[in-house]
Protein chains: 2
Amino acid sequence: MEEKFRRSLYPELDDIDYGIVRALQENARLPFTTIAKELGVTEKTIRMRVQQMQDDGVLSLVGIVNPVKAGLNVESFIQIAVEADKLDDVVEVLNGIVEVRLIVLTTGDYQLFIQILVRNYEELAQFLMKKLNKVPGVTRVNVINELKILKSKFKFVR
Amino acid sequence: MEEKFRRSLYPELDDIDYGIVRALQENARLPFTTIAKELGVTEKTIRMRVQQMQDDGVLSLVGIVNPVKAGLNVESFIQIAVEADKLDDVVEVLNGIVEVRLIVLTTGDYQLFIQILVRNYEELAQFLMKKLNKVPGVTRVNVINELKILKSKFKFVR
DNA sequence: TCTGAAAATGTATTAAT
DNA sequence: ATTAATACATTTTCAGA
């Protein structure tokens, strides 16, 4: 551990934070010295800000793999209707399933919306029959298969 | 350009690639020397592999901002039915709209599935009324609001 | 594998509120 | 009194031959 002192809570991102985010969302390995020069502050300032934003869950610097290149060729969105009193249990089970990438509580006819990634349709069928339909409390599912991603944007800050 | 020799095409990720990905998906700024030590190869090997995987679109090293911390509090999934011959046009328009994060062509009653991020419900209403419903070719939309993210996983490689 | 250049790290200090 | 920013010395990493 290096620094002992931190800003207490996160009020708002200031201009320097936004500058940092704008730079790092393009390239997570951009040298802090480069960002520092650009923003007219010292490298240590950048380092501190980045550390703090990471600690506060504002910013993550991560490697993302193209799923297709990792052999995960089939992506599906699944809406799931659940018995009201079993919702927590269902979420807990889904949480433990590796194929499940995203679980969202939503408005509408179905309470849950999940996104899954599998290698092929055989695995999708297995997932639906052996896993999802066996979860107690699940009453109805609506599977929407992804045919093609037409746009995917990770950059939130402009 | 630094390295002259490349593996020809991307057949499959090998063990070293997976090791690199496993390390970088946790921390995109992890020093190559650290990864090299861990995998028992030289730093240069790591540098080459990372460069190549990036060039091949296999791996991206990016900063991701928590949208809520950036003031984007409302996320919605929207299914969109489109007149068959207008699909391309609709996609093109949607592509140019900043709120739209994801556009996917899907199976099912609706051809398109999009994900949008806005600051608040006022902006959602504006988006629906002023933008989406004005796009020629859009015949029907189904808005599913996100109440809470229960799981979100970016790590594809285990 | 090696080597100079660049960047990251750690400490002490200063400034601002 | 606390927190952020800076200056600077040291260590580590990077990029190319």
Side-chain angles (χ1 to χ4, degrees), chain A residues 1-66 155-157, chain B residues 1-10 13-66 68-71 154-155 157:
Chain A
M1 277 301 98
E2 175 194 341
E3 45 261 279
K4 278 113 186 161
F5 306 113
R6 291 281 163 82
R7 269 179 291 166
S8 51
L9 258 183
Y10 235 89
E12 277 298 325
L13 302 180
D14 66 13
D15 289 348
I16 295 174
D17 293 325
Y18 273 107
I20 292 170
V21 163
R22 232 175 273 122
L24 291 179
Q25 73 184 352
E26 302 290 338
N27 174 10
R29 288 185 81 93
L30 199 66
F32 292 162
T33 47
T34 308
I35 305 172
K37 246 173 271 169
E38 224 160 80
L39 300 179
V41 295
T42 64
E43 179 273 337
K44 173 93 196 204
T45 301
I46 305 297
R47 212 192 319 155
M48 269 173 41
R49 298 293 194 106
V50 169
Q51 184 62 55
Q52 181 151 43
M53 285 194 284
Q54 290 193 108
D55 290 350
D56 293 341
V58 173
L59 177 69
S60 310
L61 301 176
V62 297
I64 293 185
V65 182
N66 181 336
K155 300 184 187 69
F156 299 139
V157 174
Chain B
M1 276 301 96
E2 173 194 343
E3 51 266 19
K4 278 115 186 158
F5 305 113
R6 290 276 166 86
R7 274 172 292 162
S8 51
L9 254 184
Y10 238 90
L13 302 180
D14 67 14
D15 288 347
I16 295 174
D17 293 325
Y18 273 106
I20 292 170
V21 162
R22 233 174 273 120
L24 290 179
Q25 73 184 352
E26 301 290 336
N27 174 10
R29 291 185 77 93
L30 201 65
F32 293 160
T33 49
T34 309
I35 304 172
K37 245 172 272 168
E38 223 160 80
L39 300 179
V41 296
T42 67
E43 177 271 337
K44 172 104 188 191
T45 303
I46 306 296
R47 215 187 325 146
M48 268 173 44
R49 297 295 191 105
V50 169
Q51 184 62 53
Q52 179 150 45
M53 284 194 284
Q54 287 188 310
D55 291 350
D56 294 342
V58 173
L59 178 67
S60 311
L61 301 175
V62 297
I64 293 186
V65 182
N66 181 336
V68 173
K69 305 286 176 140
F154 278 109
K155 301 184 186 66
V157 174

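Chain letters run A, B, ... following the sequence lines, proteins first, then strands; residues in each count from 1. Fair warning: this is a prediction, and the values are worked out from it, not measured in the lab.
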Between [atom1] of [X] and [atom2] of [Y], what distance do you get to the nearest 0.5 Å?
X     : Y     : atom1 : atom2 : result
A:R47 : A:Q52 : CZ    : CD    : 14.0 Å
B:K69 : A:L13 : NZ    : CG    : 9.0 Å
B:I46 : B:K37 : CD1   : NZ    : 12.0 Å

Answer yes or no: does a side-chain N or O of A:T45 lie under 4.0 Å from OP1 or OP2 of D:dT6?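 Answer yes for this pair, as a side-chain N or O of A:T45 is under 4.0 Å from OP1 or OP2.
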Can you give me every donor-acceptor pair (side chain of residues 26-36 of chain A, partner residue at least two apart or in another chain, under 3.5 Å) with its distance?
residue	atom	partner	partner atom	Å
A:N27	OD1	A:R29	N	2.9
A:R29	NH1	B:A28	O	2.8
A:R29	NH1	B:L30	O	2.8
A:R29	NH2	B:L30	O	3.1

Between [atom2] on [N] and [atom1] on [X], what's the gap in Å once rounded to a whole number?
X     : N      : atom1 : atom2 : result
A:Q52 : D:dA5  : CD    : C1'   : 13 Å
A:D56 : D:dT3  : CG    : C1'   : 14 Å
A:I16 : D:dT3  : CD1   : P     : 18 Å
B:M48 : D:dA17 : CE    : C1'   : 16 Å
A:K44 : C:dA7  : NZ    : C1'   : 14 Å
A:L24 : C:dA7  : CG    : P     : 14 Å

Donor-acceptor contact present, side-chain A:Q25 to main-chain A:V157, <3.5 Å: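 Yes.
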Over all atoms of both residues, closest heavy-atom pair of B:A70 and B:V65: CB-CG1, 4.0 Å
Roughly what angle, to 10°, lies between the helix axis at the start of the helix from C:dT1-D:dA17 to C:dT17-D:dA1 and the one at its end, five pairs per end? 30°
Whether A:D14 and A:R49 form a salt bridge (side-chain N of Lys/Arg under 4.0 Å from carboxylate O of Asp/Glu) is what I want to check. yes
Pick from A:I64, A:V58, A:L24, A:L61: which one makes a side-chain contact (heavy atoms from CB on, under 4.5 Å) with B:I64?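 When side-chain contact (heavy atoms from CB on, under 4.5 Å) is applied between B:I64 and each of A:I64, A:V58, A:L24, A:L61, only A:I64 qualifies.
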Protein and nucleotides 10-14 of chain D: nitrogen or oxygen contacts under 3.5 angstrom:
residue	atom	partner	partner atom	Å
D:dT13	OP1	B:T33	OG1	3.2
D:dT13	O5'	B:T33	OG1	3.2
D:dC14	OP1	A:R29	NH2	3.0
D:dC14	OP1	B:F32	N	3.4
D:dC14	OP2	B:F32	N	3.2
D:dC14	OP2	B:T33	N	3.4

